Amino acid sequence: MEKAKYKTKQMTELLTFMKSVQGSHVTVNEICGHFKSQGISVGTTTVYRHLEKMVREGVVAKYVVDGTSSACFEYTGEKEQDNQPVCYPCKCEKCG
């Protein structure tokens with residue numbers, strides 16, 4: 001039996017934000033800064049946990065350049081992905 005997907009208010013807020021910046025790479029610090037500017041209380045650990053869950057579900061892509069840089073995340077939607085990751089110009093090190 002498959003478990004029903006459980007979404008918290010923070011998960012819903014994060015998903016809404018990620019959809020709003022589709023096509024851009026964002027870091028956890030940028031996401032937390034957005035929520036703080038909106039008066040929404042979401043902890044950094046919570047953002048990481050939900051992003052990693054979205055990565056496992058295939059809704060968000062994670063880009064890691066090296067062990068010292070912040071990872072970038074990109075909303076990819078719930079569509080089937082081809083084998084090549086799509087890269088949009090941004091400020092992450094992956095894009096240079």
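As the structure is a prediction and not an experimental result, all values here were calculated from the model. The figures that follow rest on heavy atoms only: side chains count, while hydrogens, waters and symmetry mates do not. Sequence positions, counted from 1, serve as the residue numbers for this chain.
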For the residue pair Ala61 and Tyr63, what are the closest heavy atoms and their distance? CB-OH, 3.8 Å
Within the side chain of Thr76, is there an N or O that forms a donor-acceptor pair under 3.5 Å with the backbone of Val59? yes
With a 4.5 Å cut-off on side-chain heavy atoms, are Lys62 and Leu51 touching? no
Would you mind reporting whether Arg49 and Thr46 have side-chain heavy atoms less than 4.5 Å apart? yes
Is any side-chain heavy atom of Val42 closer than 4.5 Å to one of Leu14? no
Could you go through Val60 and Met18, starting from their C-alpha distance and side-chain angles, then the distance that decides it, and tell me whether this counts as side-chain contact (heavy atoms from CB on, under 4.5 Å)? CA-CA 8 Å; Val60 169; Met18 293 302 292; 4.3 Å; yes
From Glu30 atom CD to Ser24 atom OG, the distance as rounded to the nearest 0.5 Å: 9.0 Å
Can you tell me how the ring of Phe73 sits relative to the ring of Tyr48, calling it parallel under 30°, perpendicular over 60° and tilted otherwise? perpendicular
So how far is it from Thr44 OG1 to Ile31 CD1, rounded to the nearest 0.5 Å? 10.0 Å
Taken in chain and number order and not counting sequence neighbours, the residues that satisfy salt bridge (Lys or Arg N to Asp or Glu O under 4.0 Å) with Lys36 are none
When every non-hydrogen atom of Cys32 is compared with those of Val47, the smallest separation belongs to SG-CG2, 3.9 Å
Hey, could you give me the OG1/CE distance between Thr16 and Met11, rounded to the nearest 0.5 Å? 11.0 Å
Decide yes or no for Gln38 and Glu13: does some side-chain heavy atom of the first lie under 4.5 Å from some side-chain heavy atom of the second? no
